[in-house]
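Everything numeric here is computed off the predicted structure, so don't read it as measured data.
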Amino acid sequence: GTLGYASALFDRASVERHIAHWQTLQRALVADEQASVARLPLLSADERLQLLHGFNDTAAPFPAERCIHDLFEAQVERTPEAIALVFEDDSLSYAELNAQANRLAHHLIARGVRPGDFVAIALPRGIEMVVALLATLKAGGAYVPLDPDYPAERLAFMLADSAPRVLVTQSGVRATLGELPPSLAVLALDAPDRPWEALPTANPDPRTLGLTSAHLAYVIYTSGSTGTPKGVMVPHAGLCNLAQMEIAGFAVTPASRVLQCASFSFDACIWEVLMALCSGAALHLPAPGVLAGPALSQALRDSRITHATLPPAVLAALPDDAVLPELQTLVMAGEAASEALVRRWAPGRRVLNAYGPTEATVCASMHSCEPLSGTPPIGGPIANVRLYLLDALGQPVPVGVAGEIHIGGAQVARGYLNRAELTAERFVPDPFSAEPGARMYRTGDLGRWRIDPHGDGTIEF
């Protein structure tokens, strides 16, 4: 047989690939006449191996047995006097931040917090927010972030659904939360009596607590745009992989200044916190409120921010005359990025397009953008993460064909809190992994492996 094609629409390599798929299909037809047509393969054995394993050859060492706050405590030992947090006119060194978090952690432990317990944190952006986050992790609890700017009904739902043991807040925020369960212990950090301030500054011992990397670090609720908000349960181990990846991939150093821009209730917040506090960099927290447009530009400029993560819509809203010479690394995340944004911001700095749902611990793939590279893809899997593009029957699709993005590897969340049926539907066994009990997350998003002569394993969203 021969195949003719319009050279304006197809290149020779693509057509030869189509012919190979057709031949594979025909061989399968005659090999098993009882097979369902839908289950007949298009991929050769070599193609299947490349798509499932070659593009997912991401294994790299990471501290899988450690808790995420261990990485912060190790950094405290390395650079105790370096500035860790900057909020308006206040700042804390690594040693000071660690001491404050330890005192509060010992108090939480005294209040009965144990590994597996939830601690809700309802605080505005500021130093106390980060102290409470670290204290909860050190005490062995999993924090449940409650952005005080959220509607009262949503906050009430998250409190009722997560049933935390303790609520850490301020008296002004507490007054907006309405009626709370009688069993919920409320800890107001601005109370006149603050007994934790007299407690030890030593790190709580995770072995004494029985805390491991398999325990939960946080529960973050999805937006609920497609139904009831769902609490995503994320363990420590995946966060350790994430922190190591972003620090190395973004060239974060103790001289870096990282912007904390995301709402506390978005998982991008912990991405920013870890980027700074596990590397020795300074985390800059602007005043509470909407951070966009001229206000964002001013914050980036005044704090001489070197590393920022921004949604493309927020990035596009920066003033046309914004000049940010200190900004070295810019990560676009949260929604599809455009070629125009890359053309504007990529010259002279590192610009990356990141993709990943909350259920995969913030980030699953990354692409380094060039100024003239067209619409940015979402790249390939990050270290210790696997990406599969599968059809409706769970089989890999050929290069250039759209399939549902499935995410496997070290950062897959435990599942949805109190939603066993939905967890079973979306967190499914990973049949392509040799690891016992491995699971993958069905994102519902579509992607395709980019047709590339070098076969670089890049995904277009």
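- Proximity of a side-chain donor or acceptor of S279 to a complementary backbone N or O of A276 within less than 3.5 Å is detected.
- For the side chain to side chain contact (heavy atoms under 4.5 Å, CB included) criterion with H215, the lone passing option out of C67, P235, P115 is P115.
- When all heavy atoms of L239 and V234 are compared, the closest pair comes out as CG-CG1, 4.3 Å.
- The two residues R165 and R111 have their closest heavy-atom pair at CD-O, 4.2 Å.
- Heavy atoms only, all atoms of each residue included: A364 and V385 are closest at O-CG1, 3.6 Å.
- Evaluation of the ring-ring contact (aromatic ring centres under 6.0 Å, His included) test over residues 123-145, restricted to residues two or more places apart or in two chains, returns Y143-Y218, Y143-F264.
- Between the side chain of N98 and the backbone N or O of Y94 there is no donor-acceptor pair closer than 3.5 Å.
- With T79 contributing its side chain and Q75 its backbone, the two residues share a donor-acceptor pair below 3.5 Å.
- Looking only at distances, no side-chain donor or acceptor of R304 sits under 3.5 Å from a matching main-chain atom of L300.
- The CZ atom of R174 sits 6.5 Å away from the CG atom of L177 when rounded to the nearest 0.5 Å.
- Shown here are the salt bridge (Lys or Arg N to Asp or Glu O under 4.0 Å) partners of R194, two or more places apart in sequence or in another chain: E197.
- Using cut-offs of 30° and 60° for the angle between ring planes, the H107 and W196 rings count as tilted.
- The OG1 atom of T169 sits 10.0 Å away from the CD1 atom of I121 when rounded to the nearest 0.5 Å.
- In terms of the ring-ring contact (aromatic ring centres under 6.0 Å, His included) criterion, F62 has no residue partners (sequence neighbours excluded).
- Of the possible donor and acceptor atoms, one in the side chain of Q411 sits under 3.5 Å from a partner among the backbone N and O of T361.
- Every residue two or more places apart in sequence or in another chain that forms a salt bridge (Lys or Arg N to Asp or Glu O under 4.0 Å) with D205 is listed here: R207.
- Side-chain polar atoms of Q298 and D302 form a donor-acceptor pair below 3.5 angstrom.
- By the side chain to side chain contact (heavy atoms under 4.5 Å, CB included) test, E179 is found to be paired with no residue, residues two or more places apart in sequence or in another chain being considered.
- Put simply, OG1 on T228 and CG on L422 are 10.0 Å apart, with the number rounded to the nearest 0.5 Å.
- Of the candidates K230, E359, R426, E359 is the only one forming a side chain to side chain donor-acceptor pair (under 3.5 Å) with Y416.
- Among pairs with a residue in residues 159-179, none fulfils ring-ring contact (aromatic ring centres under 6.0 Å, His included), at least two apart in sequence or across chains.
- Ring geometry for Y441 versus F427: interplanar angle of 30 to 60°, hence tilted.
- Using modelled atom types, no side-chain atom of D391 and backbone atom of V397 make a donor-acceptor pair closer than 3.5 Å.
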